[in-house]
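Below is one structure, written out as structure tokens; the observations come after it.
Computed over heavy atoms, backbone and side chain alike; hydrogens, waters and symmetry mates excluded.
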Amino acid sequence: TQAWTRAGLMLRDGTAANARNFALFATPSNGLFVSRRDSTNGATTRYGTVTPTPSLSNLWMRLVWGGGAVTAYYSTNGGSTWT
């Protein structure tokens, strides 16, 4: 596994490769991070990193979309508490 291999959740504005998007990703070595592309064909930007990486075997992730914003959360205890 490479350090930047990632799995996660993504909201997209369409199926085109250059569509606007917002994502929460987990990596085996580089923690959790959010990335987003604010405009079609725009640059993708990575924000923040949670390190050390929570255990991927019990990691829950969620994206909440409301009020014109998307918020990313993660849980390491089966969804009982969210950060």
Please check this pair: side chain of [X] against backbone of [Y], looking for a donor-acceptor N/O pair closer than 3.5 Å.
X	Y	answer
N30	P28	no
N21	R36	no
N77	T81	yes

More than 12 heavy atoms from other groups under 6.0 Å of CZ on R37: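 Correct, the count exceeds 12.
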Enclosure of W60 CH2 (heavy-atom neighbours >12, cutoff 6.0 Å):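 Counting other residues, nucleotides and ligands, CH2 of W60 stays at 12 neighbours or fewer.
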Check: L32 and L59 side chains under 4.5 Å, non-hydrogen atoms: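 Yes, close enough: below the 4.5 Å cut-off.
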Side chains of T27 and T5 in contact at under 4.5 Å (non-hydrogen atoms):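 Heavy-atom side-chain distance check fails, nothing below 4.5 Å.
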Criterion side chain to side chain contact (heavy atoms under 4.5 Å, CB included) on M10 and F22, from CA distance to verdict: CA-CA 6 Å; M10 180 181 281; F22 184 97; over 6 Å; no
Joint hydrophobic cluster, L9 plus V34, side-chain heavy atoms closer than 4.5 Å: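 Yes: a chain of side-chain contacts under 4.5 Å links L9 to V34.
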ILVMFWY network linking M61 to V70, side-chain heavy atoms under 4.5 angstrom: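 M61 and V70: one cluster.
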Quiz item: cation-pi between R6 and F25, 6.0 Å / 45°: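 The answer is yes, since R6 meets both limits relative to F25.
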Contact summary for A19 and G14, nearest pair of heavy atoms: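 Taking every non-hydrogen atom into account, CB-O, 3.7 Å.
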Approximate separation, where rounding is to 0.5 Å, of D13 CG and T40 OG1: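 One finds 5.5 Å between CG of D13 and OG1 of T40.
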Side-chain H-bond candidate by donor/acceptor type, R46 with S35, under 3.5 Å: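 Checked: R46/S35 side chains show no N/O donor-acceptor pair below 3.5 Å.
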Pairs flagged by ring pair (Phe, Tyr, Trp, His ring centres under 6.0 Å) wherever residues 61-83 is involved - sequence neighbours left out: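 Qualifying pairs, neighbours excluded: none.
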